[in-house]
Number of protein chains: 2
Amino acid sequence: MLKKERQAYILHQVNLHNKVLSSSLSADINVSEDTIRRDLMELAEEGKVIKVHGGALSHSFSQVHFPANEVYSQSQKKKIANKAISLISNGMFILTSGGTTILEMARSLPPQLKATFISGSIAAILEYMHHPNIEVILIGDRISKSSKITVGPEAIAKIRQMKADICFLGTNAIDLNHGITDNDWEVVQLKRAMIESSQKVVCLSIAEKINTFQPIHICDLSKIDILITELPADDPSLLPYAEAGIRVL
Amino acid sequence: MLKKERQAYILHQVNLHNKVLSSSLSADINVSEDTIRRDLMELAEEGKVIKVHGGALSHSFSQVHFPANEVYSQSQKKKIANKAISLISNGMFILTSGGTTILEMARSLPPQLKATFISGSIAAILEYMHHPNIEVILIGDRISKSSKITVGPEAIAKIRQMKADICFLGTNAIDLNHGITDNDWEVVQLKRAMIESSQKVVCLSIAEKINTFQPIHICDLSKIDILITELPADDPSLLPYAEAGIRVL
DNA sequence: GAAATTCCCGCACAAAAACGCACAATCACG
DNA sequence: CGTGATTGTGCGTTTTTGTGCGGGAATTTC
């Protein structure tokens with residue numbers, strides 16, 4: 001088994017169960033605990049997991065208190081949110097994924113807006129619920145504790161049978177060659193279904209995620225209609241995407 | 001169980017109940033009180049909790065008001081919750097409605113419990129998600145903003161197609177003549193479906209709602225298997241229900 | 001003020017991590 | 001090719017960390 005392969009497996013396990021024990025991982029894939037520890041170290045340095053004595057935890061675990069970094073990218077995300085909101089008009093049916101950028105958008109929705117929002121993200125739903133005129137449809141199924149969204153065949157089937165006007169995706173990684181990619185298998189399934197069920201696909205992505213990629217492919221750039229970042233639309237780093245036929249905001 | 005994990009659990013409990021006892025925590029997670037004390041120390045040093053003799057307090061608790069009334073009914077609900085939990089065992093499939101009594105139950109679930117909880121209540125789902133070993137299934141559909149649960153035909157269809165071991169209903173009104181009743185049409189639909197889909201039906205009700213009724217009928221007493229209140233099982237006011245064939249706890 | 005808790009301290013012990021080293025596989029490159 | 005450097009992995013040994021336990025000090029409680 002290759003190192004990268006093994007690390008991908010570990011990452012998947014962490015995202016799935018929110019915690020892993022070095023001992024059980026070692027038994028799982030038949031390598032020494034030492035190797036596992038080294039893998040966890042690397043993943044921790046890349047910020048993919050949180051290393052603790054005895055194993056590692058998913059990032060979502062202690063995400064509750066991450067004030068410094070949070071506030072920093074907050075204003076960027078607000079900028080993105082405002083651009084995204086300009087695409088919404090009354091009466092629309094809107095599919096959204098989860099993620100902090102989507103949350104920021106949900107918080108910034110103008111109170112007089114009347115639309116229907118559909119999502120499987122618990123956090124996003126909570127935000128939508130606070131708005132007076134928004135109809136909220138919750139996609140049901142098993143809840144993935146790591147990503148705090150509903151995942152599974154029921155959720156996907158439900159999404160497939162709707163036809164939304166527009167779909168907002170919080171994007172973890174976007175890249176000219178790989179399109180949009182992610183690192184959680186179940187989330188990827190959801191996002192794919194959302195893309196297929198929407199007339200327009202909008203990617204929200206902070207600039208530092210532009211030109212990066214993750215292990216699992218979601219879709220090619222050709223499926224994306226609009227890309228939103230906190231940068232001005234004519235920023236040179238976004239030019240290639242515009243040339244690929246994507247409307248850049 | 002990892003140290004960080006345990007501390008996260010403790011922190012959650014503190015924020016939820018505003019206080020924790022080292023002794024009960026120790027019993028909950030099966031570690032020595034010494035370990036709990038050390039955890040509380042660390043959390044206190046990080047400013048997450050306030051350490052006091054015998055346990056710890058939530059930070060919000062120290063300064064803010066002390067509404068005796070609230071704490072009072074809190075303890076009633078805790079009593080109900082504990083009785084309800086005694087009915088749950090590992091591996092069960094459990095349907096629950098929403099309501100503050102159900103929430104209190106969700107908060108008090110022992111951390112080592114492994115079971116599957118199914119609900120359409122956003123607040124309840126949030127609580128279930130915090131527990132390490134609980135699988136959570138979310139019933140999806142339109143969200144009713146008044147009751148904060150998913151309502152509608154999809155949700156009902158989904159409930160109908162499952163067969164749960166047990167169903168816990170937060171009860172708004174129960175009465176010998178009218179059975180259980182409620183005042184929200186959509187919630188009633190949901191509860192009816194839950195009752196039909198469960199092998200056992202348990203009503204959680206604080207005593208002041210006993211012998212009251214609301215406009216909309218949910219079901220007759222005959223459908224109810226167990227009634228839980230904060231009163232002792234042999235309290236005279238509960239006698240008629242026992243005589244009606246309901247097991248009273 | 002006496003009984004019962006709870007806390008603190010030191011110790012023991014197991015589990016995990018860190019470190020240094022050996023060794024195999026792979027890569028780099030003239 | 002071949003040879004030397006790099007990388008990835010496993011294995012002892014030593015350190016560190018996490019946890020429980022006993023006994024005595026401190027505290028709550030009545």
Can [X] and [Y] be counted as an ion pair, charged N to O under 4.0 angstrom?
X       : Y       : value
R6(A)   : D39(A)  : yes
K3(A)   : E42(A)  : yes
E196(A) : K223(A) : yes
R142(A) : E135(B) : yes

Whole Å only: how far is the [atom1] atom of [X] from the [atom2] atom of [N]?
X      : N       : atom1 : atom2 : value
L40(B) : dG18(D) : CG    : P     : 16 Å
M1(B)  : dG18(D) : CE    : C1'   : 15 Å
D39(A) : dT7(D)  : CG    : P     : 16 Å
I36(B) : dG20(D) : CD1   : C1'   : 13 Å
L21(A) : dG18(D) : CG    : P     : 15 Å
K3(A)  : dT26(C) : NZ    : P     : 15 Å
I29(B) : dG18(D) : CD1   : C1'   : 14 Å

request  = Determine the interplanar angle of the Y9(B) and H131(B) rings, folded into 0 to 90°, and report it as parallel if under 30°, tilted if 30 to 60°, perpendicular if over 60°.
outcome  =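 Geometry flag for H131(B) against Y9(B): perpendicular rings.
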
ask   = Between R6(B) and dG18(D), does any side-chain N or O lie under 4.0 Å from OP1 or OP2?
value = no

request  = Please determine if a side-chain N or O atom of T35(A) lies less than 4.0 Å away from the OP1 or OP2 oxygen of dG10(D).
outcome  =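 Yes, such a contact exists.
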
message = The test is side chain to side chain contact (heavy atoms under 4.5 Å, CB included); show your working for V14(A) and L57(A) and say whether it passes.
response = CA-CA 7 Å; V14(A) 174; L57(A) 298 175; over 6 Å; no

remark   = Quick tally for nucleotides 7-25 of chain C: nucleotides whose base has a protein heavy atom under 4.0 Å get B, sugar-phosphate-only ones S, the rest -, giving B-B------SBSB------

